[in-house]
**Q** 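What follows is a structure written as C-alpha cells; I'll ask about it next.
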Amino acid sequence: MSDKNQDNTKPTNFIRAIIDKDLETGKHDYIITRFPPEPNGYLHIGHAKSICLNFGIARDYNGRCHLRFDDTNPMKEEMEYIESIKQDVKWLGFDWGEHEYHASDYFDQLYQYAIELIKKSKAYVEHSTQEEIRQMRGTLKEPGKESPYRNRTVEENLDLFERMRDGEFDEGECVLRARIDMASPNLNMRDPVIYRILKAPHPRTGKKWSIYPMYDFAHGISDAIEGITHSICTLEFEDHRPLYDWFLDQVSVPCHPQQIEFARLNLSYTLMSKRKLLQLVREKIVDGWDDPRMPTVSGLRRRGYTPESIRDFSDRIGVAKRDSMVDLALLEYCVREDLNKRARRYMGVLDPIKVVITNYPEDKVEMLKAVNNPEDESMGTRQVPFSRVIYIERDDFKEDPPKKFFRLSPGKEVRLRYAYYITCVEVIKDEEDNIVELHCTFDPKSRGGFTPDRRRVKGTLHWVSAQHAAEATVRLYEPLFTLADLNDMEEDKDFHDYLNPDSLTVLENCQLEPALADLDTSDRVQFERKGYFVPDHKEYSSEKPVFNRIVTLRDTWAKIEKSMKKGE
RNA sequence: UGGGGCGUCGUCAAGUGGUAAGACACGGGUUUUUGGUACCCGCAUACGGAGGUUCGAAUCCUCCCGCCCCAGCCA
C-alpha cells in the first residue's frame with residue numbers, strides 16, 4: 001500500500017483545509033468552533049451533520065466546540081427544546097464540557113455594542129412602519145431609498161434607543177437599523193434591522209428586555225465574544241457574510257472569526273425542514289417528534305439507530321458547497337454495518353404459519369445450541385427450545401414455488417436453523433382455501449442442522465417453538481414519503497400529496513424466541529433473515545414485547561423475485 | 001446586463017496543470033446452517049457546453065448553458 005489514498009478514515013474537506021492553513025500560517029494555534037441551534041424545535045439528522053462537523057473538528061484539532069443556543073427570538077423559543085437539544089448532542093457522543101452558552105447571556109454586551117454603533121453614526125432608530133421599510137428596501141434589481149429617519153443625530157438616536165429598551169414604545173413602532181448602504185446590490189446591506197421591540201418574556205431573561213437583537217447582529221458578536229475561530233454555517237448565509245464582517249469591523253470586539261458556509265444535508269425520501277417537521281407532529285401525521293419515522297435525532301434514537309452509525313454516516317457524506325441529495329441507502333448501510341458486528345442474533349417469526357412435525361414425539365422438548373453472533377465468537381451461544389409444533393414465516397412456504405425458490409414447498413426438504421431437516425408432506429387449508437397449517441416430517445439424524453451423509457440442503461429457515469413462543473407486536477417502517485426528492489414536488493402539490501400510506505405496518509401476532517421477551521430496551525438485536533430490531537423504549541415489556549424494525553437485512557431474494565416479475 | 005454561490009459516474013465525493021481516488025447503489029462470482037456477513041470482479045477515454053493557452057487542462061483564460069440562495073421587525 002504505497003498509495004497516497006490509503007487512509008480514507010480521516011475526513012478531509014475544504015473546511016479542514018482552511019483550518020490546516022490557518023494553523024500553518026500561525027493565524028491560529030487553537031481552534032474553537034460552535035454549534036448554534038435555535039431552541040425552537042427538535043434536532044434532525046441535518047443538524048447531526050453539523051454537530052459531527054463542528055465537534056469533530058474540535059476533537060481532531062485538540063480544540064473545543066461550544067454549544068450555543070441562538071435564543072434571540074422569545075416568540076418562538078422554548079425551554080423544552082433546549083433540554084431535547086442537549087440530550088441529542090450528548091447522545092450523538094459529543095461533550096461541550098463547560099462551554100454551554102446562550103446568545104441571551106450577551107444581551108447586555110450586545111446592547112453596549114449597539115450603542116457603540118450609534119455613537120459612530122452607524123446605526124439609527126427607524127420609525128417607519130414595517131410596510132414602509134419594505135418599500136424603501138427596493139427590489140432585487142432596483143436600489144433602495146434612504147429613510148427619512150436615517151440622519152437623526154447621535155444624541156437623538158441614543159435617547160430613542162434607550163427608550164426602546166425601557167419599553168416606552170409598542171411592538172412595531174420603531175426599530176434600530178444599521179446605517180450601511182441602501183443602494184447595495186446585497187439586500188442584507190440595505191440598512192438591516194438589528195434590534196426590534198418584542199414584549200414577550202424570554203425563557204431565560206424573563207421580562208428584563210423588551211428589545212431583542214436580530215440574528216445578524218447577535219451571531220457574529222457572540223462568536224467574537226467566545227473567541228470562535230471558524231464559524232461554520234449553511235449556504236443560505238453566504239449573502240450574510242459581508243454583514244457578519246461589517247459588524248465585527250465596526251465594533252470593538254476581541255477578535256474576528258471567519259464565517260465558512262457548507263451545503264446542508266438533503267436525504268432522499270426525507271423532509272428536512274423544522275417547520276414541516278413541526279407540521280407533521282401538529283397534524284398528528286406522526287406520533288410526536290420521536291416517532292421512529294421522523295428524521296429527528298430522537299426519532300432515529302427510538303427507531304434504534306446507533307450514534308456510531310450516524311457519526312459514520314456524517315463522515316461518509318462529506319462536506320462541500322454544492323447542493324446535494326444523499327441516498328437513504330447510505331444511512332441504512334451505516335447502521336447495518338455497525339449492527340452486524342454488535343447485535344445478537346435471535347429467531348422471530350413475524351407472520352407465522354403453524355408447522356406440525358408429525359414424527360416428532362408429542363411431549364418432547366429439546367434445547368438446541370444457537371450462536372449469538374457469527375461475527376463475534378466471544379458473544380457465545382444460547383439454548384433454544386424445540387418441540388413438535390413450531391411456527392415458520394408464512395412466505396417461507398410456497399405451494400407452487402417459482403424457479404430458484406429454495407425454501408419450503410410440498411415434498412421439499414429444508415433446514416430449520418440449528419435444529420433439524422424437515423420435509424413438507426401435507427398442506428392443510430380452511431374452507432376458503434387459506435393455508436392454515438403444514439405437516440412435515442423431520443430427519444432425526446439431522447440434529448443441529450447437518451447430517452452424517454453431508455447432503456446439501458439449500459434453504460435454511462428460522463422458526464420458533466409454538467409452546468415456548470413469546471407473542472409480540474412488531475412495527476415495520478418505511479419512508480414517510482413516496483418522493484425521493486421532496487424539493488422537487490409538482491406544482492400545486494405539497495408534502496401531504498406524497499405521504500406513504502405504508503410508512504407504518506403493525507404486526508400483532510408475531511411469535512418470538514422466548515429470550516426476546518427479556519431484553520434491555522437498549523439492546524438492538526437481529527432477527528435472523530429479517531432485519532435489525534430494537535425494543536420500543538416506551539412500550540416494551542416482558543409481558544408484551546414491542547419491537548421497532550430499525551432496518552431490514554439486505555434481501556437478495558426480494559431482488560430476484562422483483563426482477564422475475566419484471567421479466568414476465 | 002441586481003448580487004452571492006454551485007456544476008466530476010445513478011447518489012455522495014477526492015482532485016488545486018502531468019494524464020479521473022474512494023464510498024453507497026447497481027451487475028456478476030466465491031464462501032456460507034442468516035438468499036445475511038466476508039471476499040473477488042465489473043461499473044466516468046471522461047469532468048455542464050463551446051472555443052482558447054500549453055508538450056500536456058477537470059484544474060488557467062473567454063463566452064455560453066443549467067441549478068440553488070437573497071426583497072422577515074425569522075434563524
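Sequence lines set the chain letters: A, B, ... in the order given, protein chains first and strands last, and positions in each chain run from 1. Below, all heavy atoms of this structure are taken into account, side chains as well, without hydrogens, waters or symmetry copies. Here the structure is a predicted model, which means the values were calculated and not measured.
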**Q** Which nucleotide in the set B:rA71, B:rC74, B:rA25 lies at the smallest distance from any side-chain heavy atom of A:A329?
**A**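 Output: B:rA25.
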**Q** Expressed in whole Å, how much space separates the C1' atoms belonging to B:rC26 and B:rA71?
**A**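 Approximately 45 Å lies between the C1' atom of B:rC26 and that of B:rA71.
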**Q** Do you know which of A:Y195, A:Y111, A:F217, A:F107 makes ring-ring contact (aromatic ring centres under 6.0 Å, His included) with A:Y212?
**A**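 Answer after filtering A:Y195, A:Y111, A:F217, A:F107: A:F107.
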**Q** When you compare B:rU32 with B:rG7, how far apart are their P atoms, in angstrom units rounded to a whole number?
**A**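 The same atom, P, in both gives a distance of 47 Å.
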**Q** Tell me what A:I317 touches on the nucleic acid: a base, only sugar-phosphate, or nothing, going by heavy atoms under 4.0 Å.
**A**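 Sugar-phosphate contact only.
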**Q** Which part of the nucleic acid, if any, lies within reach of A:Q130 when heavy atoms closer than 4.0 Å are counted: base, sugar-phosphate only, or nothing?
**A**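 Base, at least one base heavy atom under 4.0 Å.
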**Q** Rounded to the nearest angstrom, tell me the gap between atom CG in A:L235 and atom P in B:rG7.
**A**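 Answer to the nearest Å: 10 Å.
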**Q** As a test of understanding, state which of A:L117, A:D166, A:I211 forms a side-chain contact (heavy atoms from CB on, under 4.5 Å) with A:F161.
**A**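 Running side-chain contact (heavy atoms from CB on, under 4.5 Å) over A:L117, A:D166, A:I211 with A:F161 returns exactly one hit, A:I211.
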**Q** Output the rounded distance in Å from CE (A:M272) to P (B:rA75).
**A**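 Atom CE in A:M272 sits about 23 Å away from atom P in B:rA75.
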**Q** Between atom CD in A:Q526 and atom C1' in B:rG35, what is the gap in whole Å?
**A**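 Roughly 13 Å, once rounded to whole Å.
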**Q** Are A:R196 and B:rG72 close enough that a side-chain N or O sits under 4.0 Å from OP1 or OP2?
**A**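 So the side chain of A:R196 is outside the cut-off, no N or O lying under 4.0 Å from OP1 or OP2 of B:rG72.
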**Q** Using atom CD of A:E561 as one end and atom P of B:rG35 as the other, report the distance to the nearest whole Å.
**A**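 My rounded result for the distance is 13 Å.
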**Q** For the P atoms, the ones on B:rG17 and on B:rU31, what distance do you get once it is rounded to whole angstrom?
**A**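 Here B:rG17 and B:rU31 have their P atoms 48 Å from each other.
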**Q** Expressed as a whole number of angstroms, how long is the span from A:K403:NZ to B:rG35:P?
**A**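 Answer to the nearest Å: 21 Å.
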**Q** Let me know the distance between CZ of A:R134 and P of B:rC74, rounded to the nearest Å.
**A**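 Going from A:R134 (CZ) to B:rC74 (P), I get 11 Å.
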**Q** Applying the side-chain contact (heavy atoms from CB on, under 4.5 Å) criterion to A:F442, which one of A:T423, A:I357, A:L416 satisfies it?
**A**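 Exactly one option meets the side-chain contact (heavy atoms from CB on, under 4.5 Å) with A:F442, and it is A:I357.
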**Q** Please give, in whole Å, the distance from B:rU11 P to A:Y269 OH?
**A**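 After rounding, the reported distance stands at 13 Å.
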**Q** Quick one: which of B:rC73, B:rA25, B:rG36 gets closest to the side chain of A:I133?
**A**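 From the listed options, B:rC73 comes nearest.
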**Q** Any carboxylate oxygen within less than 4.0 angstrom of a Lys/Arg side-chain nitrogen, looking at A:R455 and A:D443?
**A**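 A:D443 and A:R455: salt-bridged.
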**Q** Just checking A:Y333: base, sugar-phosphate only, or nothing, at a heavy-atom cut-off of under 4.0 Å?
**A**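 Sugar-phosphate, backbone atoms only, no base.
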**Q** Can you say whether a donor on the side chain of A:N186 sits under 3.5 Å from an acceptor on the base of B:rG4, or the other way round?
**A**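 Answer no: no donor N or O sits under 3.5 Å from an acceptor.
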**Q** Quickly work out the A:D323 CG to B:rG66 P distance and round it to whole Å.
**A**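 In whole Å, B:rG66 P lies 17 Å from A:D323 CG.
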**Q** What's the gap between B:rA13 and B:rA20 when it is taken at their C1' atoms, as a whole Å value?
**A**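 Their C1' atoms lie roughly 13 Å apart.
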**Q** Is any N or O donor-acceptor pair between the side chain of A:E375 and the base of B:rG36 shorter than 3.5 Å?
**A**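 Yes.
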**Q** Have a look at A:D70 and say if it touches a base, only the backbone sugar-phosphate, or nothing, with a 4.0 Å heavy-atom cut-off.
**A**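 A:D70: backbone/sugar contact only, no base atoms under 4.0 Å.
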**Q** Any donor-acceptor pair under 3.5 Å between the side chain of A:R554 and the base of B:rG35?
**A**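 No such pair is found, so the answer is no.
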**Q** From the options B:rG7, B:rC12, B:rG10, select the nucleotide whose nearest atom is closest to the side chain of A:D327.
**A**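 The answer is B:rG10.
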